[in-house]
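I have placed the structure first, in the form of structure tokens, so that the comments after it can refer back to it.
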Amino acid sequence: MKKNIILIGYMGSGKSAVGRQLAEETSMSYLDLDNYIEDKEQKSIANIFKEKGEIYFRKVETNYLKRCLEEYTNSIISLGGGTPCFGDNMQLILNQQNSNSIYLSTSVSELVKRLINEKAKRPLISHTKNKEELSEFIGKHLFERSAYYSKSKYSINTNNKSIINIVKEIRGLTNV
Ligand code: S3P
């Protein structure tokens, strides 16, 4: 039985922090797809985008997603913000038997607050010049992506909630 918990959400929605805390509390293993990709490709995500471009990144992202869904059981897997939105990835995630997908839903203003100082590490938002541009970009991007994210089995609103409380909610929903 797979019994994975798959965390989905926009950049800055807390997937990694929540995943790590959940792993610590439950002794499930934790995998961050971005780190897995960086490990396998021996390059940071920012450098993969810079040197090989987004199309290449999306191709390897799908391959590594498949690989880790096959390899990992009883694990918490946090995906990249774009992972569910390309190819058949979301369908693949939903087809995982005995796994729970959870969308961490966060408002645009909260995401802007969390991401404004992190632009350098994040190739998709690094072109925005100020808070207004970042906010406009995230508003449109999140709107497009919500169609994919909201197919997740569960959605949790993370605005004004601590990591500990979000983890509590996930444990309540999934019985881990
Ligand atoms: C991306 C999100 C990033 C990373 C890459 C692309 C996206 O992951 O996969 O920069 O398309 O939203 P995080 O959501 O973990 O930052």
Side-chain angles (χ1 to χ4, degrees), residues 4-23 29-69 72 75-93 101-128 133-152 154-159 161 163 166-167 170:
N4 289 327
I5 293 181
I6 301 168
L7 298 177
I8 286 173
Y10 202 76
M11 291 174 268
S13 60
K15 301 179 296 287
S16 308
V18 167
R20 271 193 225 104
Q21 178 64 28
L22 185 57
S29 41
Y30 173 67
L31 178 77
D32 182 310
L33 181 63
D34 283 338
N35 292 343
Y36 186 87
I37 296 171
E38 290 181 328
D39 236 50
K40 300 283 179 207
E41 295 283 302
Q42 289 290 299
K43 266 192 190 91
S44 68
I45 301 285
N47 277 339
I48 300 175
F49 268 75
K50 201 157 71 192
E51 292 170 19
K52 305 215 165 164
E54 182 171 357
I55 294 175
Y56 174 84
F57 174 76
R58 296 303 171 193
K59 207 167 80 189
V60 293
E61 181 181 42
T62 295
N63 290 342
Y64 290 127
L65 170 70
K66 286 185 185 147
R67 226 162 112 173
C68 72
L69 290 177
Y72 283 76
S75 302
I76 296 144
I77 304 175
S78 48
L79 303 183
T83 316
C85 314
F86 290 86
D88 295 328
N89 294 355
M90 193 62 202
Q91 202 48 53
L92 183 72
I93 293 160
S101 49
I102 299 176
Y103 170 33
L104 301 181
S105 158
T106 310
S107 69
V108 175
S109 57
E110 185 66 37
L111 291 171
V112 170
K113 256 194 258 166
R114 296 185 198 169
L115 292 171
I116 188 83
N117 295 318
E118 295 220 353
K119 289 194 295 178
K121 277 187 280 175
R122 301 179 185 269
L124 291 179
I125 55 171
S126 56
H127 67 282
T128 60
E133 273 191 35
L134 179 64
S135 174
E136 196 187 321
F137 178 83
I138 293 177
K140 287 188 186 146
H141 205 202
L142 183 60
F143 179 75
E144 289 164 11
R145 288 182 165 186
S146 297
Y148 298 92
Y149 294 157
S150 54
K151 289 185 182 157
S152 305
Y154 301 110
S155 289
I156 295 182
N157 185 321
T158 71
N159 295 323
K161 286 182 193 158
I163 301 293
I166 298 168
V167 166
I170 295 177

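Note that ligands are numbered from 1 as they come in the structure, with each ligand's atoms numbered from 1 the same way.
Taking atom 9 (O) of ligand 1 as the reference point, the nearest protein heavy-atom neighbour is Asp34 OD1, 2.7 Å. Among protein heavy atoms, atom 2 (C) of ligand 1 sits closest to Gly81 N, 3.4 Å.
Summarising the geometry, atom OH belonging to Tyr154 is positioned 9.5 Å from atom CD1 belonging to Ile5; distances are rounded to the nearest 0.5 Å. Lys43 NZ to Phe49 CZ: the interatomic distance, rounded to the nearest 0.5 Å, is 14.0 Å. The line from CG of Asp39 to OH of Tyr64 is 9.5 Å long, rounded to the nearest 0.5 Å.
Ligand 1 places these atoms under 4.0 Å from at least one heavy atom of Ile45: 5 (C), 10 (O). In summary, the atoms of ligand 1 found under 4.0 Å from a heavy atom of Phe57, numbered by their order in the structure, are 9 (O). For ligand 1, the atoms lying closer than 4.0 Å to a non-hydrogen atom of Arg122 are 13 (P), 16 (O).
Applying the side-chain contact (heavy atoms from CB on, under 4.5 Å) criterion to Asn35, with sequence neighbours excluded, gives Asp32, Glu38.
Heavy atoms from other residues, nucleotides or ligands lying under 6.0 Å from CG of Asp88 number 12 at most.
Note: Tyr149 and Tyr103 have tilted aromatic rings, judged against thresholds of 30 and 60 degrees for the angle between ring planes.
Each salt bridge (Lys or Arg N to Asp or Glu O under 4.0 Å) pair with one or both residues in residues 113-125, not counting sequence neighbours, appears once here: Glu110-Lys113, Glu110-Arg114, Glu118-Lys121, Glu118-Arg122.
The side chain of Arg58, and not its backbone, has at least one atom closer than 4.0 Å to an atom of ligand 1 (non-hydrogen atoms only; side chain from C-beta on). When non-hydrogen atoms are compared, ligand 1 lies under 4.0 Å from the side chain of Leu124 (C-beta onward) but not from its backbone. Contact annotation for Arg145 and ligand 1: only side-chain heavy atoms (C-beta onward) come within less than 4.0 Å of the ligand.
Residue Phe49 has no N or O atom closer than 3.5 Å to an N or O atom of ligand 1.
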